[in-house]
Amino acid sequence: MSIKLAVLVSGRGSNLRAILDAIASRQLDASVEVVIANRKNVGALDVAREHGVPAVVVESRALTKEQHEDKLVAELERRQVELVVLAGYMRVLSARFLNHFFDASTGLYSIVNIHPSYLPAFPGANAYEDAFNAGVTESGITVHLVDEQVDHGPILSQVKFARLPDDSLQSFKDRGLAVEHQLYPAVLQKIAHEGLQVVAKEAVKQ
Ligand code: GRF
């Protein structure tokens with residue numbers, strides 16, 4: 001079964017590109033109905049346009065959180081999105097927003113996020129830097145369902161990667177990003193095929 005996604009972005013869009021490439025090569029049975037950025041001039045909007053996907057800016061500047069999220073919800077509902085995919089989206093979503101994507105049959109929100117650490121280690125906006133500066137010998141990537149807390153919620157999949165002795169921050173990040181680009185499309189494919197409910201239940205069992 002194919003699933004209708006919306007991807008929310010704030011930055012360069014390398015995960016968005018990985019998702020769109022996986023769809024193009026039929027490794028992911030999904031469609032990206034819309035890519036929404038909260039500011040203009042971000043690389044991810046160009047990635048969307050290159051792939052012929054609607055690229056929309058719902059600017060957060062000058063709006064209250066409530067006003068901004070109301071506009072987001074209107075856009076997402078208009079496009080009949082089934083799963084909201086956060087890919088480098090730098091704003092925290094309110095409980096009010098989450099409730100629009102609440103699935104009463106599972107008690108879950110249909111919103112996924114990718115975070116560049118092995119959660120619960122190193123939540124926050126600078127996870128690569130924080131893990132690297134803490135001197136870890138390995139780190140990881142987490143795909144999880146979103147809940148009311150930041151970088152928190154049922155974990156759908158986690159993969160570890162090594163920090164090598166001669167790593168720079170950049171080479172450490174590059175190794176992690178390569179993992180991100182494999183993991184996110186793979187988890188989305190599992191959701192597309194098995195449904196969020198089944199995938200999340202398995203996650204809870206782990
Ligand atoms: C990724 O490292 C992702 O894990 C984090 O934000 C970064 C986004 O990168 N949430 P990109 O815009 O997908 O290239």
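Because the structure is a prediction, the values reported are computed rather than measured. Indexing begins at 1, ligand by ligand and atom by atom, following the structure's order.
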Worksheet item: Hydrophobic clusters join Ile, Leu, Val, Met, Phe, Trp and Tyr when side-chain heavy atoms are under 4.5 Å apart, directly or via other members; which others share one with Leu98?
Response: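 The other cluster members (ILVMFWY side chains, heavy atoms under 4.5 Å, direct or chained) are Leu8, Val34, Ile36, Val56, Val58, Leu72, Val73, Leu76, Val81, Val84, Leu86, Tyr89, Leu93, Phe97, Phe101, Phe102, Tyr109, Ile111, Val146.
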Practice prompt. Sorted by first residue and then second, give each salt bridge (Lys or Arg N to Asp or Glu O under 4.0 Å) pair with at least one member in residues 95-124; sequence neighbours left out.
Written response: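 For residues 95-124, and leaving out neighbouring residues, the salt bridge (Lys or Arg N to Asp or Glu O under 4.0 Å) pairs sorted by first residue read Asp70-Arg96.
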Fill in: Thr142 side chain reached by Ile114 side chain, heavy atoms, under 4.5 Å
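SC-SC contact between Ile114 and Thr142 ruled out.
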Item to complete: Would you mind reporting whether Glu50 and Arg17 have side-chain heavy atoms less than 4.5 Å apart?
Response: yes
Item to complete: Enumerate the protein residues lying less than 4.0 Å from ligand 1, judged by heavy-atom distances, in chain and residue-number order.
Response: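 Contacting ligand 1 under 4.0 Å are Arg12, Gly13, Ser14, Asn15, Gly88, Ile114, Pro116, Tyr128, Glu180.
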Worksheet item: Centres of the Phe122 and Tyr128 rings: under 6.0 Å?
Response: no
Fill in: side chain to side chain contact (heavy atoms under 4.5 Å, CB included) against Asn126, all qualifying residues, sequence neighbours excluded
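If we apply the side chain to side chain contact (heavy atoms under 4.5 Å, CB included) test to Asn126, skipping adjacent residues, the hits are Glu129, Asp130.
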